[in-house]
Protein chains: 2
Amino acid sequence: MSDAGTGAPREASVDVIQRELTAFARRARAAAARVHPEIPLVSYTLLAHIEEQRGCRATDLAAHYLLDKSTVSRQLAGLEKLGLVERRPAPEDHRVQVLHPTEAGLRVLATAQANRLAAYQERLKDWSSEDLDRFAGYLLRYNAAGPADLSGPR
Amino acid sequence: MSDAGTGAPREASVDVIQRELTAFARRARAAAARVHPEIPLVSYTLLAHIEEQRGCRATDLAAHYLLDKSTVSRQLAGLEKLGLVERRPAPEDHRVQVLHPTEAGLRVLATAQANRLAAYQERLKDWSSEDLDRFAGYLLRYNAAGPADLSGPR
DNA sequence: AGCTTTCAGTTGTATAGTACAACGGTTCTT
DNA sequence: AAGAACCGTTGTACTATACAACTGAAAGCT
């Protein structure tokens, strides 16, 4: 069964969590770049979100990922150039563009997702289903607490 | 007690883990930049490692964080310019420089660490000690699997 | 010893990702 | 209709990063 946990006091646990999440974050980019060199690859994340939402606006992406709208704008420009995303003017509001993955975008996304998942499957292959389930639960809970407040006191 | 976990099948858990870790990683940088704007701040991580190791070489840092040595070199140059790190030539081997935090470095580190920890404490304040402990354990286990292999098949 | 290989770190160059500020259109509110 | 609020783009700048070429130092082999 679960072998996670060491009976450490609260502060120590928080410290470990902080440290390990940070370590993960640092490595994530380099790793991501290796998984799918084909797609510029933060873009991948945006594309995934667009697909999930079945169409969304640039502003939504910015809000969701805490990115500046200029950043999103440029990422989208890249995705469009690659033919992975399509912008459709919204008839209702001429300011907005509704974003949709193209066919090619969906394909790329599916492949990348499969690769990613395979990599994670491999990495987690020795974990019990119970541990996986709990770990997933904790991560959800952690992230659900709201995007911004890793930031602490400004 | 723990409310993590949903009884989901393996694949779904892995998918959630993948997704949530990625979400975290994406947000981490922006958040980090807010926590301590004073220190260029990946540098912070390197500084922390130097301190922990009680002196180490640039190459060690590169290996540990999967960074190119040029990257580390520049980061260190920055830290040195800020007076946070000191390079001491190794008497045994004139190629290497042993890195040590300066007094100022230790101070900055302590402050930053305190801020970070406070931010995490706040974010995790509603978690039970047991959940914290287990979450920490899972993260350790995940990261311990080795730095490189999020990358999957090259 | 002398030559070659290997290792540590720096520097040149290029790229992604990002932010902030300024701007041009568009829509909403008085 | 005027002003405020909003959506997206573009100009500019900076951090983090990689790769490749290079210098200097140590180690290994004849």
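So that the names make sense, note that chain A is the first sequence line, chain B the second, and so on, each numbered from 1.
Among the atoms of the strands shown, only primed sugar atoms or phosphate atoms (P, OP1, OP2) are found under 4.0 Å from some heavy atom of B:Asp93. At a threshold of 4.0 angstrom between heavy atoms, the contacts of A:Ser73 include nucleobase atoms, whether or not backbone atoms are also involved. In this structure, B:Leu67 reaches the sugar-phosphate backbone alone: every heavy-atom distance under 4.0 Å involves primed, P, OP1 or OP2 atoms, never a base.
No donor-acceptor contact under 3.5 angstrom links the side chains of B:Glu86 and B:Thr102, judged on distance only.
OP1 and OP2 of C:dT18 both lie 4.0 Å or more from every side-chain N or O belonging to A:Thr71.
One can place CG of B:Leu46 at 13 Å from P of C:dG9, the figure rounded to the nearest angstrom. The CZ atom of A:Arg95 sits 8 Å away from the C1' atom of D:dA5 (whole-angstrom rounding). What separates CG of A:Leu61 from C1' of D:dG8 is a distance of 12 Å, to the nearest Å.
For A:Gln97, whose side chain is taken as the heavy atoms from C-beta onward, the closest listed nucleotide among C:dA8, D:dG8, C:dA19 is D:dG8. In the set D:dA20, D:dG8, C:dA8, C:dA8 carries the atom at the smallest distance from any side-chain atom of B:Arg57.
For the pair A:Leu46/A:Val85, no side-chain contact is recorded, criterion being any heavy-atom separation below 4.5 Å from C-beta on.
Mapping A:Ala58 and B:Pro91 onto DNA chain D via the closest heavy atom, the residue that lands nearer the 5' end is A:Ala58.
Between A:Asp133 and B:Arg10, no side-chain nitrogen of the basic residue sits less than 4.0 Å from a carboxylate oxygen of the acidic one, so the salt-bridge criterion is not met.
A donor-acceptor contact under 3.5 angstrom links the side-chain atoms of A:Arg74 to the base of D:dT12. Side-chain to base pairing of A:Ser70 with C:dC20: one donor and one acceptor N or O lie within less than 3.5 Å of each other. Side-chain to base pairing of B:Arg87 with C:dT10: no donor and acceptor N or O lie closer than 3.5 Å to each other.
In this structure, A:Arg123 forms a cation-pi arrangement with B:Tyr142, its terminal cationic atom sitting closer than 6.0 Å to the ring centre and no more than 45° off the ring axis.
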